[in-house]
Asker: 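Attaching a single structure in structure tokens format; questions to follow.
Computed over heavy atoms, backbone and side chain alike; hydrogens, waters and symmetry mates excluded.
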Amino acid sequence: MSSHRYLPHTRRDIDLMLERCKATTVDDLFADIPDELRLKKAYDLPGELSEPEVRAYFRSLSAENSPLVCFAGGGFYDRYAPAVIPALMARSEFLTAYTPYQPEISQGTLQYIFEYQSMMCELTGLDVSNASMYDGTTAVAEAMMMCVAAARKRNRVLVSETVSPITLEVMKTYARYHGITISVIPATNGVTDRAAMQRMLADGDVAGVVLASPNYYGILEDYTGFADDIHAAKALMVMTSHACALGVVKSPGEWGADIAAGEAQSLGMPLNYGGPWLGYLCTTNALMRKMPGRIVGATTDAKGQRVFVLTLQAREQHIRREKATSNICSNQGIMTLYASMYCSVMGAEGLRRVNNLSYGGAHSLAKKIEATGLARLKYPDKPFLNEFVVEFDSSTLADMFYDTAVAASILPGIRLGDKDMLIAVTEMRTPDDIEDYISILNDFKDAKLYEEDE
């Protein structure tokens, strides 16, 4: 038997697996890892601890954190979560729920997934939603592959330069292993260059075009006529947004998009060092069978009662595996529940209120920053919701301000370049937070603590 008590493989089992892998020893399986990257000492693990000692240990680790007042965004935002959500999420029937393949005992799980789908369709203005994707970047990458699958003989996808660079990098990774070519549409003054897109579409090999609203710079782009250009070239239009913004901005469906995909973290989910979050993916009825992930449908049983079931299951890997549309099996089901709770509690009016507060705070901060005379809006003629780019007088000032703000427990934004910073304001930022932010800039102005770049 194996020496590891939790891996019940016999020596024969191991030998057969190694033979199949054309390896002699288990160590051969890790031969690709460079020697300099291998750990050559014992793990630095403490000895056993009692429960009070474990709790004390983790409290001490937590005390080393230095929470910052967050003015950073870039697609991920510090949002308010109603207290009812974590209370309900902690219920054991939600925490332990898994794949709902047996509808007879999974009606609760299937119903909240159905409700999630319904709310995402309402937000995006499209016909069908799946449930769900691991995060927004992979959701957009899957949307890219849907475009290619629908076009069949076309394998080129255009992506606006104003889409998040994180999303673009994930798309490139997916594209590399699926024979897809990605071309970037240049941006002019912070928005997608429509004329450049039209020239690229004229090549006749484009399967889809990916656009963002709000875009990475926080700008609300005017996409009037874009869908006509894209569809005339027999391509599909994909629009990505952070989900909270969909409560107030023009929806992907209204812009004429065929697919909407993006990150739903902004529906009250904590930042939590990067997750777990939630990728949403919605489309038209015509593309429903090209969409990965689960779809829950409503029907009636033999007694005429309303019930919920997984539908179009032939798309999933447990049916046809390598021929399946989807390999999103163990997905973010509990996060769809989170999004469903948030949207149910907040409602349409709550989403409007959240966005109005964010809008007001962002525009107030932008005006105050410009009033200091040390920085100005990078794209002053472009509308924005809750996020904007400022350009500082010098890179020296930008560096010093960023470091000073962090030392004062404020995360002032995301550095985009030597002088540029992307700044976000949500409903969590108070007037006092904004004044604290501005006071740091004013200190630089009053003391002249920086020098102009040459």
Asker: Are there over 12 heavy-atom neighbours, none belonging to Glu122, within less than 6.0 Å of that residue's CD?
Answerer: no
Asker: Could you tell me how the ring of Tyr379 sits relative to the ring of Tyr217: parallel (under 30°), tilted (30 to 60°) or perpendicular (over 60°)?
Answerer: tilted
Asker: Is it the case that the side chain of Ser160 and the backbone of Thr162 share a donor-acceptor pair, with hydrogens and angles ignored and the cut-off at 3.5 Å?
Answerer: yes
Asker: Closest heavy-atom contact between Ala243 and Ser266?
Answerer: N-OG, 3.3 Å
Asker: What do you reckon, is NZ of Lys250 surrounded by more than 12 foreign heavy atoms closer than 6.0 Å?
Answerer: yes
Asker: Taking the side chain as everything from C-beta on, heavy atoms only, tell me whether Val209 gets closer than 4.5 Å to Leu201.
Answerer: yes
Asker: Does anything in residues 169-186 pair up under salt bridge (Lys or Arg N to Asp or Glu O under 4.0 Å), and if so which pairs, sequence neighbours excluded?
Answerer: Glu169-Lys172
Asker: Is it the case that more than 12 heavy atoms not belonging to Gln102 sit under 6.0 Å from its CD atom?
Answerer: no
Asker: Below 4.0 angstrom, N of the basic side chain to O of the carboxylate: do Arg154 and Asp205 qualify?
Answerer: no
Asker: Look at atom CZ of Arg415 and say whether more than 12 heavy atoms of other residues, nucleotides or ligands are closer to it than 6.0 Å.
Answerer: yes
Asker: Suppose we call two aromatic rings close when their centres sit under 6.0 Å apart. Are Tyr338 and Tyr116 close by that rule?
Answerer: no
Asker: Mind checking whether Phe384 and Phe388 have parallel, tilted or perpendicular rings, split at 30° and 60°?
Answerer: tilted
Asker: Do the ring centers of Trp277 and Tyr134 come within less than 6.0 Å of each other?
Answerer: no
Asker: Answer with yes or no whether the side chains of Thr430 and Asp432 bring together a donor and an acceptor at under 3.5 Å.
Answerer: no
Asker: With a 4.0 Å cut-off on N to O distance, would you call Glu349 and Arg352 a salt bridge?
Answerer: yes
